[in-house]
Amino acid sequence: MKRIIINAVTQMKRIAVIENGKVAELQMEAVAGLPVPGSIYKGRVKRVLPGMQAAFVDIGSTKNGFIHRDDLLSYQQSRLSPEEKKGMTISSFVQEGEELIVQIVKEETDSKGARLTGMLSIPGSRLVFLPNASHIGVSKKMSRNEKEKWRLYGQTLVRGEDGLIFRTSCAGQPEEEIEAEFRGLIERHRQVENSAEQKEAPALLHDEADYLNKLIRDHGYDETLEIVIDDGAEFRRLLMLAKPFPSLQKKIILYSGKENIFSYYGAETTWEKAVRPHVWLKNGGSLRIDYTEAMTVIDVNTDKFTGKASRRETVLQTNHQAAEEIAKQLRLRNISGMIVIDFITMAEAEDQKQVEEALKRALQADRVTTVIHGFTRMGVFEMTRKKERQSLHHALTEPCGICQESGRVLSAKTVANQAEIALREYRYMDEEALWIEATADVLYHLKGLHDENLHQLESKLSFAIFLTEFREKQTAPSFTIRHIGSAEDIQQRIKR
């Protein structure tokens, strides 16, 4: 059985996917205002760089997006031969000041703008519509007969140069339902085109930031799924979004317990551990996960495990457990891009093969595409994982100002969310007020614009909340609950 837990009562919306009683994935709602993968924009080309075969495009975000020549619709639709196109610079396909319809492939980071493509994809629950792609694709997880059936059926649906991908959830479904979804995707694309004609660049044409809409689209046909959410307004919106999926609609539950929903379902501890670099293995060995701008590096150590047999067996057992745990952590933390694993050195090629096979088996549970490159001559293991959204580490942390940004600390927004969770634990108390002391950046997020969030919290929790800044300078975003009692008592304490 699969259960999705949604903590929606706080400003930061958190999601935990629980499979067989264990937390398998952790997600959070995208930061408001930032372009997210799948969103479609009407942008304007600001710079064309022939030497890089790329262009920078203004999409209205803080940073210009980046598009490679090969991802331009004009390049893909060119009637020139592949050999002729490859010999031409990007300037032959796009000019500065030109308007482009682009889609986010990778979201922007602290130092880079979003990665863009002109080849759009419009995803549904069972299909992905590919305007201008001339491609019929079928999920690799389907049987050979199913693949051939849907490939032939796809050729009857698409027209002209459009394309289509059949997801795994198509298997065993009636063709009339698939066609109905396909027509809906075509209509969504038509709406994007109409919006593009009416809006001036830069402009958002289609927003993928709605976490509930994406959740329903990706999991709507999962017969084993149960969704539990702790906010009444979001619960009602979720029921409305799930109308096309009657069986799922019946398994959407509003959580009304006193305890924080993540704590109740055992996800809070996993959430807290997911930003820590150190992970223990069952046998006493460990992983160390470190993030750089270019890649993620995972170091495997024997630590407390000394083994009872030979050193070879000790190393093999630790590396085998590490491979299984790494696959879990990649999915749990949503680690993507280039990944380098420094397993404990194995002299035998046979042992390396066993560890590689163990990792491949463990990765089969991951719905995100991974590519295994194997061990290098230096003995380190290389692989990649497709980036669909920010890793949990980067979403929850920010560059550290003390160490010239060489490290990262929990962001002010993350700490403010922790404070809000802590506040909600007192919502049934008898005292009339609570005093929180925090850094200025945390207070900003706790209060919200014009103190709107603070007023909402006081109304929901039924006690007064006093917020003051730390008197002594703190090195990172933080908070502490200073006192609980009467409003008069707290006010006197603040004046001291």
Side-chain angles (χ1 to χ4, degrees), residues 4-17 25-42 59-61 65 101-108 114 116 120-129 167 169 181 184-196 199 202-222 225-245 248-249 251-255 261 334 367-368 387-392 395-396 413 417 448-449 453 456:
I4 293 180
I5 307 303
I6 306 174
N7 178 206
V9 294
T10 55
Q11 290 187 80
M12 182 186 290
K13 315 302 182 188
R14 305 185 297 167
I15 301 169
V17 179
E25 290 181 32
L26 294 171
Q27 305 169 18
M28 60 177 284
E29 184 185 19
V31 177
L34 289 181
V36 299
S39 290
I40 301 173
Y41 290 80
K42 182 178 184 179
I59 57 173
S61 185
I101 308 301
V102 292
Q103 189 167 31
I104 308 297
V105 178
K106 292 182 180 179
E107 57 199 351
E108 66 181 56
L116 310 173
L120 306 185
S121 61
I122 313 296
S125 296
R126 293 181 282 197
L127 303 172
V128 180
F129 176 50
R167 291 180 157 181
S169 52
E181 180 172 315
L185 296 180
I186 290 178
E187 179 57 31
R188 272 174 53 193
H189 178 243
R190 188 177 294 116
Q191 290 172 3
V192 168
E193 291 182 314
N194 292 340
S195 182
K199 295 182 178 180
L204 175 64
L205 306 179
H206 170 72
D207 192 0
E208 276 284 304
D210 186 342
Y211 72 109
L212 290 185
N213 192 41
K214 188 175 187 302
L215 187 149
I216 291 295
R217 189 185 68 211
D218 291 345
H219 300 280
Y221 290 99
D222 191 337
L225 181 63
E226 176 184 273
I227 301 177
V228 187
I229 188 168
D230 61 0
D231 181 82
E234 292 291 81
F235 168 72
R236 290 186 289 274
R237 189 162 74 89
L238 195 55
L239 286 177
M240 183 182 68
L241 291 170
K243 276 187 177 180
F245 310 98
L248 175 63
Q249 203 177 29
K251 293 189 284 184
I252 297 175
I253 300 167
L254 176 62
Y255 174 78
I261 188 172
N334 193 38
R367 60 184 177 82
V368 177
K387 184 170 185 177
E388 294 190 342
R389 62 183 188 279
Q390 271 191 325
S391 70
L392 204 65
L396 295 175
K413 186 173 182 179
N417 197 70
L449 190 63
N453 188 59
Q456 287 180 354

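Positions are given from 1 along the sequence. Quick note: numbers below take in every heavy atom, side chains included, and nothing from hydrogens, waters or symmetry partners.
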Those residues that, when tested against Arg126, pass salt bridge (charged side-chain N to carboxylate O under 4.0 Å, His left out) (two or more places apart): Glu177, Glu181
Atom of Leu248, atom of Gly220 and distance for their closest heavy-atom approach: CD2-CA, 3.9 Å
Residues His189, Leu120; criterion side-chain contact (heavy atoms from CB on, under 4.5 Å); working and verdict: CA-CA 9 Å; His189 178 243; Leu120 306 185; 4.3 Å; yes
Member of Ile59, Ile104, Ile101 meeting the side chain to side chain contact (heavy atoms under 4.5 Å, CB included) criterion with Ile40: Ile101
Least distance between heavy atoms, Lys251 atom then Leu225 atom: CE-O, 3.2 Å
Check: Lys199 main-chain N/O paired with Lys42 side-chain donor or acceptor under 3.5 Å: yes
Backbone N/O of Pro123 and side chain of Arg188: donor-acceptor pair under 3.5 Å: yes
Presence of salt bridge, Asp210 and Lys214, under 4.0 angstrom: no
Where Ile252 and Phe235 come nearest, the two heavy atoms and their spacing: O-CE1, 3.5 Å
Minimum-distance pair of heavy atoms, taken over all atoms of Leu241 and Pro244: O-CD, 3.3 Å
Residue Lys106 excluded, over 12 heavy atoms near NZ under 6.0 Å: no
CG-CD1 distance between Leu238 and Ile6, expressed to the nearest 0.5 angstrom: 5.5 Å
Test log, rule side chain to side chain donor-acceptor pair (under 3.5 Å), inputs Glu193 and Gln191: CA-CA 5 Å; Glu193 291 182 314; Gln191 290 172 3; over 6 Å; no
Straight-line distance of Leu116 CG to Glu108 CD, nearest 0.5 Å: 10.0 Å
Distance in Å, Ile15 CD1 paired with Tyr211 OH, rounded so as to fall on 0.5 Å steps: 6.5 Å
Check against side chain to side chain donor-acceptor pair (under 3.5 Å), Asn417 and Thr10: CA-CA 7 Å; Asn417 197 70; Thr10 55; 3.2 Å; yes
Heavy-atom side-chain proximity of Ser121 to Gln103 below 4.5 angstrom: yes
Inter-residue atom distance Ile216.CD1 - Ser125.OG, 0.5 Å rounding: 8.5 Å
Sub-4.5 Å side-chain heavy-atom contact between Arg167 and Leu127: no
Separation of Ile253 CD1 from Glu226 CD (nearest 0.5 Å): 3.5 Å
Close side-chain approach of Gln27 and Arg14, heavy atoms under 4.5 Å: no
Student check: side-chain heavy atoms of Ser39 and Leu204 closer than 4.5 Å: yes
side-chain contact (heavy atoms from CB on, under 4.5 Å) between Arg217 and Glu208, intermediate numbers included: CA-CA 11 Å; Arg217 189 185 68 211; Glu208 276 284 304; 2.9 Å; yes
Steps toward side-chain contact (heavy atoms from CB on, under 4.5 Å) verdict (Gln456, Gln11): CA-CA 11 Å; Gln456 287 180 354; Gln11 290 187 80; over 6 Å; no
Note, Tyr41 side chain near Pro35 side chain (heavy atom, < 4.5 Å): yes
For the student: nearest non-hydrogen atoms of Ala395 and Met28, plus distance: CB-SD, 3.6 Å
Worked verdict on Lys387 versus Asn334 for side-chain contact (heavy atoms from CB on, under 4.5 Å): CA-CA 8 Å; Lys387 184 170 185 177; Asn334 193 38; over 6 Å; no
SB check Asp231 Arg236 (cutoff 4.0 Å): no
Pairwise distance CG(Asn7) to CD(Glu29) - rounded to 0.5 angstrom: 11.5 Å
Donor-acceptor pair, side chain of Glu234 and main chain of Ala8, under 3.5 angstrom: no
Heavy-atom closest pair, residues His206 and Gly38: CD2-O, 3.8 Å
